[in-house]
> 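One structure, pasted below without further comment.
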Amino acid sequence: MHTVLLLADVPAQELPARSMMAFTLASHIILVPLGVALPLITLVMHGYGLRRGDATALLLARRWSAVMAVQFAIGVVTGTVLSFEFGLLWPGMMGRWGDVFGIGFGVEAWAFFLEAVLIAIYLYGWRRLPSRTHFLLGLPLPLVALLGAFGILAANSWMNTPRGFTLDSAGDPVDVQVWKALFTPMLGPEYWHFVFAMFVTAGYVVAGVYAVGRLRGRRDRYHRLGFAIPFTLAAVCTPVQFMLGDSIARQVFHKQPVKFAATEIVWKTDTHVPEYLFGRLHPDGTISGGIRIPQLDSILAGFHADTRVTGLTSVPAGDRPTATQATIAHWAFDIMVGIGSLLVVLALWYATVWLLRRRMPATPWFFRSAAVAGVASVAAVECGWVTTEVGRQPWIVYQNMRVAEAVTATRSTSLWTMFTLIVVVYVFVFGSFLAVLLKMRSGWRLDDERGGPRPPEKTREPGTPEAGTPETDTPYGPRSAGSRL
Amino acid sequence: VIAGVVAVVLLLAIAAYACGGGTDYGAGFWDLSAGGAERGKRPRRLIDHAMEPVWEVNNVWLIFVLVIMWTGFPVLFQRVFTTMWLPLALAAVGIVLRGAGFALRKPVRRLAGRRLYGAVFAVASVVTPFFLGAAAGGVASGRVTATSTASTDAWANPTSLLFGLLAIAVTATLGAVFLAADARRFAAPDLDRYFRRRALGALAAVAVLAVVTLFVTHGDAPHVWHGLTHGAGLVFVVVAALATLATAWLLTRPSGAWSRVAAVGVVASAVIAWGLAQRPYLVPTSLTVAEGAGDHTTLRWLTFVTLVAVVFVIPAVALLYWLDTHGELEGLTDADLRRGGVADEG
């Protein structure tokens, strides 16, 4: 690197900038699983309802659509903030590397365009579009969501294993090879691990809502269906995700050895390296606390106790995560793996009972676990993200640019002020979001408890203008064909 | 050459955001000025119904602008976001509050809650375009340079101030013109008149501010002034002026048809005129398009990605707008979300 920064040279802007990025991303990432996978889950329910003529399934799909409408809106705006933050917080990175890894974002931008269009048509098409057209227009949604995720993950994996450029004498990238920069070594593992994480998380989160209902004694078909479809999807994906997670860890071992050393707190390069569950790494390389399992780390990394694992000390102190950062990445990694393992047990429990008795487990403990699984999988997503971002420190572009070189020159007091403002705004927005969701839920429950089907308030064939609509539904009076533009 | 193509794409994306996003910000402006809960009830309802299905799509134009900027012109992106730090940071906060306020207002039933979220949405809808406009004004007047820092002068200057005010006036015009058309679609002639009057008022404000801006740029942003009064820039200024007159005339016609097209014409040609006036600079007179351009291969790919986007996205967006303007899109009502609700399909 042409500028060598020592640890002492960390600019004052780095802490507020990183805090702000971490906070906004950690908030946004809660909505991402729902954004990517809730359309799929809803479409499965919708398709089931259409095929079987099942009114309960269609009601669930409509209610999930109503939730999606609010969740997608908040996802859109918190995602926009992240785009701004590339410039507001990390102008150095974008100025030098923007043209190398930006194409992924280009793909993401137009995928996101399609997603926004399709989701708008899906969410607002329930009432007037013919049912088949409506469902079919929704079908590409999961695909464009996956395409958008591809764009983001291409950019993130490039930051982990950057390539597709050569450096000129001034240290600036030239001769960009877009294809190589887009498909970097870490893209495959990161992408599939992420996609399955989204399916698993969204499935458990949605199912968790109905698991709680079940625990409170609501055992009707509505709750059974609302639980079974998302939970089955998540349970099928869980073991796959476990294997993908195992594979990505090994990819990191090969392609980002120092990051691997941080997540496993390996100090010195060695064979027969023990595995630590939790524990704390100190700056002198000692480890306190935690459970030590001899040889296991080497075995996990290379299937053999003789496997040589690169340690943190293989690079100068300025080129690797600090002991604290390594400990954070290590804990995040262990928590994620722990949650993942428990989810596999839960999925196996479900599968076994299903195979043996052709029904769901009936014990409350199963539903208690399922209710917790939703929250736990969100926590696992957060941990996975912490692992990959903190494990990459001090680099923003792995081995090519330090976080300190990328950070904005704006005064750190301005950054702290803006960070405070953002926290206040996000607490307000996410708090309101949660309040609205709870309000919707209790409103629906109240409606349901008032009992059975109500007399139809209006009769309408899809596609024909309605007559005599109550004021609460359409505020602008009946629409005659002539009044439409 | 390829850098020029990408610069045109960037300019068109900005114009699209100004028109699409601008309409939604304008709706927020009229939401803010609609008066108390009782008096403003019907206009606000119209705003809810009109914006609901399309505002997220319109917002994606902004993402597009940012992506083209940092991929195609990384140096420009770096300099703009370094110098215009405060207005852009506040715009980002405004975008969150605007979107969240709007999305949360709909499902809330209680008046106090609706007031709170409505106010957040409306105030943010006015503040955000101002700051985005101010940032653009700082670029136009050449205050973004390699050495400039995030100082107040970078955006608190005559050009920035006027660009910001112009942004508010323009969004208000677009919003009112589109809402009037929506009112006709919903067969609400009183709201049609209501928003037509406001559209004319806002259009007058745009005309006055535009003339003032021309005078101010003469001293404060000479390069842009020269571009606006000569050659291709002048052509688009004239087009914008003619479109302004056409919009005003169409708004007084009974049918009001084509007024939306004319209003979009005003905004799009004004943005294009500004872009052309900056030629050959991204930032007059410190960064040319050629200097600011990223790697050639990337620019070619970016053009390709844009072409793909045009092939896929334009028809999709057109379909959405078509469905929306033909009344096919409507939010789910409480009745649809009830057990045994009326909207069970099949």
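In what follows, every chain begins at residue 1, and chains take the letters A, B, ... in the order their sequences are listed. Quick note: numbers below take in every heavy atom, side chains included, and nothing from hydrogens, waters or symmetry partners.
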> Could you check whether any side-chain heavy atom of S414(A) comes within less than 4.5 Å of a side-chain heavy atom of W85(B), counting everything from C-beta outward?
yes
> Nearest 0.5 Å please: distance from the CZ atom of F105(A) over to the OG1 atom of T71(B).
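If we round to the nearest 0.5 Å, F105(A):CZ and T71(B):OG1 are 8.0 Å apart.
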> Less than 4.5 Å apart, side chain to side chain, heavy atoms only: is that true for L319(B) and I121(A)?
yes
> What is the distance from atom CG of L86(B) to atom OG1 of T410(A), rounded to the nearest 0.5 Å?
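These two atoms lie 9.0 Å from each other.
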> Tell me, out of G102(A), A409(A), A120(A), who's got the most heavy-atom pairs with chain B below 4.5 Å.
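If we count pairs closer than 4.5 Å to chain B, G102(A) comes out on top.
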> L320(B) versus Y124(A): any side-chain heavy-atom pair under 4.5 Å?
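A side-chain contact is absent here, since even the closest heavy-atom pair is not under 4.5 Å.
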> Would you say D295(B)'s side chain and V174(A)'s backbone share a donor-acceptor pair under 3.5 angstrom?
no
> Verify whether the ring centers belonging to W110(A) and F64(B) lie closer than 6.0 Å.
no
> What part of I103(A) lies closer than 4.5 angstrom to a heavy atom of chain B: side chain, backbone, both or neither?
both
> For D99(A), is there any backbone N or O sitting under 3.5 Å from a side-chain donor or acceptor partner on T298(B)?
yes
> Please classify the contact between F86(A) and chain B as side chain, backbone, both or neither, with a heavy-atom cut-off of under 4.5 Å.
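Backbone plus side chain of F86(A), per the 4.5 Å heavy-atom cut-off to chain B.
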> Under 4.5 Å between any side-chain heavy atoms of N59(B) and T80(A), yes or no?
yes
